[in-house]
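Notes follow the structure.
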Amino acid sequence: MFPDFLTKPTKNGVLLASSFLLSFSLLACSSDSNESEKPTPTPTTYTPIPSSIGIVGDPKDVTVTTSAGTVLMGGSTDVDSAMKWMINKSIGGDVVIIRASGATGYNQYLYDLVKVNGIRQVNSVETLLINSAELANNPKVAERIKEAEMLFIAGGDQANYIRFWRNTPVEEALNYLINVKKVPVGGTSAGCAIMGEAVFTAENNTITSEEALLNPFDLKMTLAKSDFINNPFLKNTITDTHYNNPDRKGRQITFLARLATEFNWQQPKGIGVQEETAVCIDENGKAVVYGTGFAYFLKASSEKPEKCVAGSKLNWINNKKAIQAYLITGKETGNGSFDLTNWSTISGGTSKNMYVTDGVLSIE
């Protein structure tokens with residue numbers, strides 16, 4: 001994984017100026033080109049909760065009926081159509097952004113993104129910077145998350161998300177939104193990488209495909225069966241991002257090999273998403289791909305790797321059918337269909353086989 005601070009500046013706020021005033025001004029300029037308006041001020045009587053670094057819109061909590069959904073975004077420039085998809089499911093509610101680094105780049109962008117007859121379709125957008133276990137254990141922070149009708153996890157370092165948020169009220173609040181309140185929840189880059197049942201925690205830094213394929217038990221291959229985010233459509237699944245980088249495919253195949261051997265998972269699955277691309281999963285588990293790149297849906301064969309041991313090159317051939325891959329290219333209006341409830345009802349994409357011979361990945 002490339003550290004998120006090395007990715008190009010985007011409106012998702014990855015590389016924002018440290019000054020809040022500067023970042024706020026830049027983002028105000030990126031609102032709809034047909035109008036010029038100042039950011040909507042918040043009432044001076046509003047007292048931010050701990051971790052809040054900024055809010056636009058009405059800070060008073062609203063209650064609306066939402067529709068569940070999941071967004072897996074691959075990083076770099078955010079996919080507007082996927083964000084609109086989430087906002088339409090939040091039906092006029094409050095949007096909460098959570099992160100462990102960065103600033104308020106999402107606030108005005110999302111607040112202005114969807115308008116009907118000139119009326120914004122969200123009540124507010126607030127960013128919470130939860131960069132310590134102390135904040136993650138603060139009940140007011142979890143309470144604010146639970147009030148959200150849409151939640152988005154920004155890019156950053158997934159090791160911090162695991163380190164600060166796991167086994168805290170923030171974790172409980174996230175699972176409440178997904179499984180009880182049923183609101184749209186998404187993430188980009190590191191925020192996407194923590195969404196599956198299994199997670200590459202990056203606690204010993206990132207790892208390249210070459211390193212992983214040459215030694216599946218490299219010390220940097222820190223995998224965990226997540227007791228973190230519980231999404232019913234991402235069971236038995238590990239996600240990865242920035243997938244147009246060749247250093248991603250090989251390592252995700254190695255993740256699956258480890259899950260099949262060390263974790264004894266039957267036919268583990270993976271979803272890899274390219275930059276400027278998003279997989280949007282509705283309340284019924286049907287996925288559609290938005291954006292400009294590809295999403296890869298990976299399903300391991302029933303045969304475990306021929307060789308997956310420490311200090312040796314990975315071998316997972318299985319008649320050149322170790323991994324069944326289904327590729328769907330994104331479109332602005334959405335493309336393809338992939339049913340995550342059965343991983344077999346699919347359309348609009350291309351099938352490929354992936355396998356590894358002596359640490360070398362092949363795709364055909």
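Just so we're clear, the structure is a prediction, and the values are computed from it rather than from any experiment. Numbering starts at 1 and runs along the sequence shown.
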Quiz item: In terms of side-chain geometry, is the basic nitrogen of K321 or E303 positioned less than 4.0 Å from the acidic oxygen of its partner?
Solution: no

Self-check item: I229 vs I153 side-chain heavy atoms within contact, under 4.5 Å
Solution: yes

Quiz item: Do other residues, nucleotides or ligands put more than 12 heavy atoms under 6.0 Å from the CD1 atom of I363?
Solution: yes

Quiz item: CZ of F217 to CD of E262: how many Å apart, nearest 0.5 Å?
Solution: 5.0 Å

Self-check item: Within-4.5 Å side-chain heavy-atom neighbours: V79 and M73
Solution: yes

Quiz item: Taking atom types as modelled and ignoring hydrogens, do the side chains of Y296 and Q252 form a donor-acceptor contact shorter than 3.5 angstrom?
Solution: no

Quiz item: With a 4.5 Å limit on heavy-atom distance, are the side chains of D282 and W85 in contact?
Solution: yes

Practice problem: Could you check if a side-chain atom of M83 sits within less than 4.5 angstrom of a side-chain atom of V71, using non-hydrogen atoms only? | Solution: no

Exercise. State, with a plain yes or no, whether a side-chain heavy atom of R99 is found less than 4.5 Å away from one of T127.
Key: yes

Practice problem: Give, for atom CG of D61 and atom OG of S124, the distance between the pair rounded to the nearest 0.5 Å. | Solution: 8.0 Å

Quiz item: Considering residues, nucleotides and ligands other than K331, do more than 12 of their heavy atoms fall under 6.0 Å from its NZ?
Solution: no

Exercise. Examine the side chains of S189 and H242 and answer whether a donor and an acceptor come within less than 3.5 Å of each other.
Key: yes

Quiz item: Under 3.5 Å, side chain of K181 to main-chain N/O of A148, donor-acceptor pair present?
Solution: yes

Practice problem: For the residue pair Y161 and W165, categorise the inter-ring angle as parallel (less than 30°), tilted (30 to 60°) or perpendicular (more than 60°). | Solution: parallel

Quiz prompt | Inter-residue atom distance N215.CG - K313.NZ, 0.5 Å rounding | solution = 11.5 Å

Quiz item: Using 30° and 60° as the class limits, which term best fits the ring planes of F338 and W343: parallel, tilted or perpendicular?
Solution: perpendicular

Side-chain donor-acceptor pairs of residues 346-353 under 3.5 Å, sequence neighbours excluded:
none

Quiz item: Once you round to the nearest 0.5 Å, how far does CG of N318 lie from OG of S302?
Solution: 7.0 Å

Practice problem: Indicate yes or no for a side-chain donor-acceptor contact from D94 to the backbone of V62 under 3.5 Å, with no hydrogens or angles considered. | Solution: yes

Self-check item: Among L259, L214, L213, side-chain contact (heavy atoms from CB on, under 4.5 Å) partner for T254
Solution: L213

Quiz item: Does R248 reach the main-chain N or O of T241 with its side chain, forming a donor-acceptor pair under 3.5 Å?
Solution: yes

Quiz item: Does E197 use its side chain to pair, donor to acceptor, with the backbone of N236 at less than 3.5 Å?
Solution: yes

Exercise. Look at the side-chain heavy atoms of Ile, Leu, Val, Met, Phe, Trp and Tyr, link any pair under 4.5 Å apart, and say whether Y109 and M86 land in one connected group.
Key: yes

Quiz item: Is any side-chain heavy atom of L72 less than 4.5 Å from a side-chain heavy atom of L234?
Solution: yes

Quiz item: CD/E203 to CG/N160 distance, rounded to the nearest 0.5 angstrom?
Solution: 10.0 Å

Quiz item: Side-chain heavy atoms under 4.5 angstrom apart, residues restricted to Ile, Leu, Val, Met, Phe, Trp, Tyr: same cluster for I238 and I323?
Solution: yes

Exercise. Answer yes or no: is there a donor N or O on one side and an acceptor on the other, between the side chain of T277 and the main chain of E275, under 3.5 Å?
Key: yes

Self-check item: Side-chain hydrophobic cluster, 4.5 Å single linkage: members besides I317
Solution: Y355

Quiz prompt | side-chain contact (heavy atoms from CB on, under 4.5 Å) partners of A257, counting only residues at least two apart | solution = P305, C308, L314, W316

Quiz item: Within the distance-only criterion (no hydrogens, no angle test), does the side chain of T239 pair as donor or acceptor with the backbone N or O of C192 below 3.5 angstrom?
Solution: yes

Quiz prompt | Same apolar cluster: L135 and I194, side chain cutoff 4.5 Å | solution = yes

Quiz item: Would L174 end up clustered with I162 when hydrophobic side chains under 4.5 Å apart are linked, directly or stepwise?
Solution: yes

Self-check item: Minimum side-chain heavy-atom gap P50-K140 below 4.5 Å
Solution: yes

Quiz item: Cut-off 3.5 Å, side chains only: do N138 and S51 have a donor facing an acceptor?
Solution: no

Quiz item: Looking at CD of Q158 and OG1 of T201, how far apart are the two atoms once the value is rounded to the nearest 0.5 Å?
Solution: 7.5 Å

Quiz item: Less than 4.5 Å apart, any side-chain heavy atom of I97 and any of V125?
Solution: yes

